[in-house]
There are 2 protein chains.
Amino acid sequence: MEYDSIWDNLDSLEEFADAVSEFLHCPVTIEDRNHRLLAYSTHDERTDPARISTIIGRRVPEKVINSLWKEGIIPSLLNSRDPVRVKKMEDIGLGDRVAVSIWHKNEVLGFIWALEIDRVLGEEEFAFLKRAAQAIKNKLLPMQARRDKKEERSQEFFWKLLTSHFQTEEAIIENFHRLQINPSSSYALAVFQFREDISSSEEKKILYLLKTIQQLKIMLYTIDHQKLILLIALDHIDQPLTTLSEFVQTFVEKTEERFGVGEITPAFSSLHTDYLDVERAYKEALSVIAIKEKFPHEVKEIFGYQNLGIYRFIDVLLEKRTKDGFKNHALEKLREYDEKHQTNLTETIETFLDKDNNVHEAAKALNVHVNTLAYRLKRIAEIGEINLKDPNQKITFIY
Amino acid sequence: MEYDSIWDNLDSLEEFADAVSEFLHCPVTIEDRNHRLLAYSTHDERTDPARISTIIGRRVPEKVINSLWKEGIIPSLLNSRDPVRVKKMEDIGLGDRVAVSIWHKNEVLGFIWALEIDRVLGEEEFAFLKRAAQAIKNKLLPMQARRDKKEERSQEFFWKLLTSHFQTEEAIIENFHRLQINPSSSYALAVFQFREDISSSEEKKILYLLKTIQQLKIMLYTIDHQKLILLIALDHIDQPLTTLSEFVQTFVEKTEERFGVGEITPAFSSLHTDYLDVERAYKEALSVIAIKEKFPHEVKEIFGYQNLGIYRFIDVLLEKRTKDGFKNHALEKLREYDEKHQTNLTETIETFLDKDNNVHEAAKALNVHVNTLAYRLKRIAEIGEINLKDPNQKITFIY
DNA sequence: TAACTTTTTGTGGAAATCCACAAAAGACGA
DNA sequence: TCGTCTTTTGTGGATTTCCACAAAAAGTTA
């Protein structure tokens with residue numbers, strides 16, 4: 001192992017990248033386990049679009065990560081300590097390259113990438129890369145430790161926010177700055193409800209995903225048994241609610257797709273600007289989850305508190321209804337009629353409301369002619385003595 | 001006054017009617033002040049359709065009463081002690097006739113009608129009729145007294161119902177029977193809110209109206225300061241809520257039209273079958289009135305508790321909203337945008353919802369092109385990040 | 001069984017809605 | 001001031017909704 005002494009006098013990761021690049025005659029990039037750029041070689045000027053965007057953005061672009069997952073590259077890097085060859089993918093501007101993962105015990109700390117611009121790397125270079133990954137491990141470890149420490153402090157701070165521990169917003173802002181986080185002027189709180197307690201191996205995967213999705217900036221995160229909780233920055237986002245909705249769905253999708261962890265219920269609070277309201281935001285997100293569990297079908301496509309509509313009030317509505325001992329005369333009449341005449345008026349009105357008053361779709365779902373549906377609706381209005389043109393009255397049909 | 005001794009040996013009202021009929025050579029009918037049939041002559045077989053229906057139904061048909069009001073006949077009977085001539089009205093099957101009111105002190109107790117089938121009554125007969133009305137007064141007075149007594153007892157009973165005084169339904173049914181009222185198997189409670197305390201002269205007019213509208217059977221009634229409260233029988237009524245709605249509106253209309261008493265807010269409870277629930281029904285009707293006073297425009301055409309729709313829950317909704325300190329992000333955004341760009345998005349969405357999502361009407365109300373409205377709605381959905389296809393979300397726009 | 005009502009399905013036409021596209025006017029910023 | 005973006009209004013066409021009417025099927029009642 002004589003020529004491996006080249007590692008000995010390299011101080012920084014940059015020098016390390018350059019040394020590897022020089023040996024392989026290839027541009028080299030070093031990333032952490034979340035595909036954040038750690039260092040890149042500069043002696044060799046040849047490169048490809050994917051590498052350029054990575055360097056400019058200080059991280060691998062989301063769509064590149066996506067493709068690498070889809071092609072199975074990242075899974076094999078996470079499974080094996082051997083270098084992996086990546087064939088050119090023109091649609092994302094990625095040239096031929098070789099990658100190897102950097103391991104410490106049973107954990108991946110990062111990756112080394114070597115671009116095969118003019119030459120193809122052989123067995124010897126593969127072995128060299130593997131040794132390089134071994135050697136760099138010690139440089140990455142302390143960084144990891146620092147990050148862990150910071151994460152610990154940030155988690156503690158987050159829980160203080162979630163439990164309304166602070167009295168003034170100034171104190172909160174100060175804490176943000178101490179953690180080198182720039183608090184955004186508006187934020188939301190997202191909660192993901194898992195089916196089981198989140199294991200530490202799942203936690204790593206989740207963090208990996210959160211850091212690679214890149215759609216939104218996550219200021220703070222924490223995990224509490226079956227819940228993943230995020231504090232999300234929303235500055236300069238044009239349609240924050242829409243973006244959030246897409247984000248949480250992407251996250252759930254990818255977690256399922258990449259790690260096989262399914263049945264996650266996502267939710268997020270309304271927008272807030274005052275950091276003293278974090279607990280309130282948390283409760284909003286929790287109530288969305290509670291409602292989604294009670295009415296999975298009705299609010300299937302709603303994730304934000306703001307968009308719950310009438311369901312935001314569902315608990316007080318139900319409470320008042322039971323307190324008043326109110327009987328739904330309209331529904332009762334329909335059921336009576338159904339019973340007596342063997343008709344389907346109850347089912348009809350339910351389907352119709354379900355399909356958002358769309359005669360066409362409702363008729364299709366019921367397997368009847370559109371006019372039959374129209375006729376039935378006329379009868380329902382008569383028998384139940386309800387004005388189906390009044391959205392207010394339709395609403396009460398649900399309860 | 002010698003020939004007036006003919007009254008002396010007449011025992012019943014029927015004999016009286018026959019005696020008058022014989023003198024005038026006309027069919028004669030006697031009604032109480034609420035146009036209920038008291039007696040009719042039988043010696044003379046000639047008659048007209050209006051009289052036939054009156055005799056069969058034991059009261060003057062509603063549409064006849066209506067016409068008599070419109071033509072000013074009844075008002076003049078109520079104003080003067082002199083006979084009034086009524087010209088033929090073919091549309092309601094009424095032939096020529098003469099009427100006179102029966103007075104006691106300053107009150108009208110009833111009416112005598114004489115049909116001019118073949119002959120026209122002259123001055124002499126008019127004078128005779130007036131004396132007949134004088135003479136019959138004494139026969140009507142004791143009936144009046146009995147009725148007053150009964151009314152007193154029934155009012156007391158009604159208040160017991162309204163205040164949940166009874167423990168069992170049997171006790172209630174027994175009380176009904178004691179008052180010779182047949183309690184219907186389903187009932188509703190109607191309340192009319194007046195602007196001022198109801199005077200006893202107004203009370204008489206109201207009772208008159210209630211007894212002549214004939215649309216629905218009123219089992220019990222009472223008056224409490226500015227409120228008229230009715231217990232309404234709903235047996236064998238096909239569409240009870242619709243009928244009730246028509247009834248209360250008719251009542252308000254006629255009170256205004258005939259007696260000039262306006263600004264009455266009508267309301268009625270949902271349907272009930274258990275007479276232990278009368279107080280609950282009363283509260284339902286009261287809450288409809290309260291809501292109508294708070295949201296006069298929104299529930300303008302709703303009178304029944306059942307049809308309040310979402311407004312049934314308006315108090316708990318508002319309460320929850322203030323408790324949560326929730327800000328309407330969507331509306332806020334719109335207002336912000338309006339302010340900054342001098343646009344009318346807020347007004348637009350309000351009008352649109354007001355017009356029940358009817359693009360056409362809303363565009364007309366806003367004085368803009370339909371496409372302009374469509375464009376604005378698209379922008380509203382974008383800026384407010386709300387799904388306008390979801391009725392649930394639209395609802396929350398109101399608050 | 002015959003007469004009647006209720007329910008389903010169909011046809012056809014008027015009105016409304018939705019959507020894409022375009023022209024014009026106005027607002028706004030570099 | 002020019003170019004760009006937003007807003008308004010318009011046209012045209014595909015689709016949907018609404019309604020009236022009718023015929024057939026099924027169920028109910030005398």
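Model, not experiment: these values are computed from the prediction. Convention: sequence-line order gives letters A, B, ...; per-chain numbering from 1.
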Exercise. DNA chain D: A:His360 or B:His369, which has the more 5' nearest nucleotide?
Worked result: B:His369
For this session: Go along nucleotides 24-30 of chain C 5' to 3' and tag each nucleotide: B for a protein heavy atom under 4.0 Å from its base, S when only backbone or sugar atoms are that close, - otherwise.
Result: -------
For this session: With sequence neighbours excluded, tell me which residues meet side-chain contact (heavy atoms from CB on, under 4.5 Å) with B:Asn344.
Result: B:Glu347, B:Thr348, B:Arg376
Seminar exercise, completed: So the salt bridge (charged side-chain N to carboxylate O under 4.0 Å, His left out) pairs with at least one residue in residues 232-246 of chain A (sequence neighbours excluded) are none
For this session: Please work out if B:Val368 contacts a base, only the sugar-phosphate, or nothing of the nucleic acid, heavy-atom cut-off 4.0 Å.
Result: sugar-phosphate
Exercise. Got A:Asp354 and A:Glu361 here, is their nearest side-chain heavy-atom distance under 4.5 Å?
Worked result: no
Problem set entry | Donor + acceptor pair across side chains of B:Gln393, B:Asn387 (<3.5 Å) | no
Exercise. A:Asp338 CG to C:dT7 P: how many Å, rounded?
Worked result: 10 Å
Seminar exercise, completed: Sequence neighbours excluded, the answer for side-chain contact (heavy atoms from CB on, under 4.5 Å) partners of B:Asp338 is B:Thr343, B:Leu345, B:Thr346
Exercise. Is there a side-chain contact between B:Ile232 and B:Met219, using heavy atoms and a 4.5 Å cut-off?
Worked result: no
Exercise. What does the inter-axis angle of the helix from C:dT1-D:dA30 to C:dA30-D:dT1 come out as, five pairs per end, nearest 10 degrees?
Worked result: 30°
Exercise. When you check the side-chain N and O atoms of B:His329 and B:Glu385, is any donor under 3.5 Å from an acceptor?
Worked result: no
Exercise. For B:Ser53, which residues count as a side-chain contact (heavy atoms from CB on, under 4.5 Å) partner, sequence neighbours excluded?
Worked result: B:Pro61
Exercise. What integer distance in Å separates A:Leu366:CG from C:dT7:P?
Worked result: 15 Å
Exercise. In chain order, what residues pass the side-chain contact (heavy atoms from CB on, under 4.5 Å) check against A:Tyr375, with sequence neighbours excluded?
Worked result: A:Arg379
Exercise. What is the distance from CZ of B:Phe352 to C1' of C:dA16, rounded to the nearest Å?
Worked result: 13 Å
For this session: Could you pull out all residues at least two apart from A:Glu90 that satisfy salt bridge (Lys or Arg N to Asp or Glu O under 4.0 Å)?
Result: A:Lys88
Problem set entry | Where at least one partner belongs to residues 234-253 of chain B, residue pairs that pass ring pair (Phe, Tyr, Trp, His ring centres under 6.0 Å), sequence neighbours excluded | B:Phe192-B:Phe251
Seminar exercise, completed: Min and max contacting nt of DNA chain D in 5' to 3' order, chain A heavy atoms within under 4.0 angstrom, are D:dT17 to D:dA20
For this session: Within residues 371-379 of chain A, find the residues that approach DNA chain C with a heavy atom at under 4.0 Å, and present them sorted by residue number.
Result: A:Asn371, A:Thr372, A:Tyr375, A:Arg376, A:Arg379
For this session: Answer yes or no: is there a side-chain heavy-atom contact under 4.5 Å between A:Leu234 and A:Leu244?
Result: yes
Seminar exercise, completed: note: A:Leu345, atom CG; C:dT8, atom C1'; distance rounded to Å ~ 13 Å
Exercise. To the nearest angstrom, how far is B:Asn358 atom CG from C:dA15 atom C1'?
Worked result: 11 Å
Exercise. Looking at residues at least two apart in the chain, or sitting in another chain, which of them share a salt bridge (Lys or Arg N to Asp or Glu O under 4.0 Å) with A:Asp277?
Worked result: none
